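Owing to the predicted nature of the structure, the values given are computational and were not obtained by experimental measurement. Atoms considered below: every heavy atom in the structure, side chains included; atoms not considered: hydrogens, waters and symmetry mates.
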Amino acid sequence: MNLNTWFEKGMSPDMYIESMEKHKENLLYIYDTFSLPEDTAFFTRLQKEQLRAIVLTEDWCGDAMLNIPILLHIAEAGDIDVHMLLRDQNLELMDNYLTNGKSRSIPIIIFLDQEGNEVAKWGPRAEKIQAFVNESQAKLPEKDASDYKVKFNEMILFMTKSFRDNHDFWEEVYNSLKGTLSK
C-alpha cells in the first residue's frame with residue numbers, strides 16, 4: 001500500500017480526539033494552552049509545500065498526548081492536512097517505521113507531498129524529551145524486582161504530568177518538529 005492510500009485510510013484529528021478515552025483531557029489542555037511562536041517565514045514555506053501528514057498513534061500513549069497538539073498547531077499554521085492511524089490496527093505501515101529497527105514506538109509522523117512521496121519522518125520524541133525519559137527509566141528497579149510495577153506506574157504518572165505541564169517540553173517538541181520540516 002502506498003502512502004497516499006494510507007493517508008486516505010486515516011481519520012481526521014477531530015475524529016481521533018473524539019474517540020479518545022485515556023488522554024483526551026490532557027491532549028486538549030496542551031492544545032488549548034500552547035501558543036505557536038511568531039514564525040511567519042516557516043509557516044509560509046510550509047503552506048507553499050502543500051504537505052500532508054500521517055500520524056501513527058494510540059490514545060494510551062503519553063508521547064502522543066504531548067506531541068499531537070503541537071503538531072496540530074503547526075499543521076493549522078502551515079496548511080498541512082493531517083490524518084491519524086491507530087498503530088495497532090495498522091501494523092503493516094508501523095513496521096516500516098520502527099524505532100531503532102525494533103520498537104513500535106509512537107507517535108510517528110510521516111510527512112508527504114501531494115504525490116504521496118515521503119519528505120520527512122518525525123517521532124516518537126524530541127531529543128531532549130528522550131533524555132528525560134531515559135533518565136526516568138534509569139531510576140527504575142530491575143524488571144524482576146518486587147516493586148518494579150509500582151515504580152513503573154509512578155514513573156508513568158510523573159512523566160504524564162510533566163508532559164502536560166512542562167511548557168519547556170512543548171517548546172522542545174515544536175523546535176524538533178520545525179527542525180525536521182526545515183531540512
Residue list, side-chain contact (heavy atoms from CB on, under 4.5 Å) with Gln89, at least two apart or on another chain: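 Gln89 satisfies side-chain contact (heavy atoms from CB on, under 4.5 Å) with Leu86 once adjacent residues are dropped.
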Counting N and O atoms only, with roles assigned by atom type, does the side chain of [X] sit under 3.5 Å from a partner on the main chain of [Y], one being a donor and the other an acceptor?
X      : Y      : value
Ser19  : Tyr16  : yes
Asn2   : Asn4   : yes
Ser103 : Thr99  : no
Gln47  : Ala77  : yes
Gln130 : Arg125 : no
Ser176 : Glu172 : no
Asp81  : Arg52  : no

Geometric class of the Phe132/Phe158 ring pair [parallel <30°, tilted 30-60°, perpendicular >60°]: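 The arrangement is tilted - the two ring planes meet at 30° to 60°.
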Whether Tyr174 and Phe42 hold their rings parallel, tilted or perpendicular, with breakpoints at 30° and 60°: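 Judged by the thresholds at 30° and 60°, the geometry between Tyr174 and Phe42 is perpendicular.
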[X] with [Y], same ILVMFWY side-chain cluster at under 4.5 Å:
X      : Y     : answer
Leu66  : Ile74 : yes
Val55  : Met15 : yes
Trp6   : Val82 : no
Leu36  : Leu28 : yes
Ile108 : Met20 : no

How far does [atom1] of [X] sit from [atom2] of [Y], to the nearest 0.5 angstrom?
X      : Y      : atom1 : atom2 : value
Asp79  : Thr44  : CG    : OG1   : 10.0 Å
Lys128 : Phe169 : NZ    : CZ    : 10.5 Å
Asp39  : Asn175 : CG    : CG    : 9.0 Å
His23  : Tyr29  : NE2   : OH    : 16.0 Å
Ile70  : Leu27  : CD1   : CG    : 9.5 Å
Glu76  : Tyr31  : CD    : OH    : 3.0 Å

Which atom pair, heavy atoms only, marks the closest approach of [X] to [Y]?
X      : Y      : answer
Gly116 : Leu112 : CA-CD1, 3.7 Å
Lys121 : Thr180 : O-CG2, 3.6 Å
Phe163 : Ile30  : O-CD1, 3.6 Å
Met159 : Ser136 : SD-CB, 4.0 Å
Arg164 : Trp170 : O-CZ2, 2.9 Å
Phe34  : Glu171 : CE1-OE2, 3.7 Å

Lys24 atom NZ, neighbour heavy-atom count above 12 within 6.0 Å: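 Counting neighbours around NZ of Lys24, more than 12 heavy atoms of other residues, nucleotides or ligands fall under 6.0 Å, so yes.
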From CA spacing to verdict: side-chain contact (heavy atoms from CB on, under 4.5 Å), Leu93, Ile110: CA-CA 11 Å; Leu93 179 61; Ile110 307 158; 4.2 Å; yes
Residue pairs involving residues 146-159 (criterion side chain to side chain donor-acceptor pair (under 3.5 Å); sequence neighbours excluded):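 Sorted result for residues 146-159: empty, none.
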Side chain proximity check, [X] to [Y], heavy atoms < 4.5 angstrom:
X      : Y      : answer
Leu177 : Ile109 : yes
Glu49  : Val119 : no
Ile17  : Leu72  : yes
Ile106 : Tyr97  : no
Thr160 : Met65  : yes
Ile68  : Met84  : yes
Asp113 : Gln50  : no
Leu56  : Arg104 : no

Side-chain H-bond candidate by donor/acceptor type, Lys9 with Asn90, under 3.5 Å: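 A donor-acceptor contact under 3.5 Å links the two side chains.
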Residue pair Thr57, Arg87: steps toward the side-chain contact (heavy atoms from CB on, under 4.5 Å) verdict: CA-CA 5 Å; Thr57 188; Arg87 179 196 76 176; over 6 Å; no
Worked check of side-chain contact (heavy atoms from CB on, under 4.5 Å) between Met94 and Leu85: CA-CA 10 Å; Met94 180 70 241; Leu85 289 170; over 6 Å; no
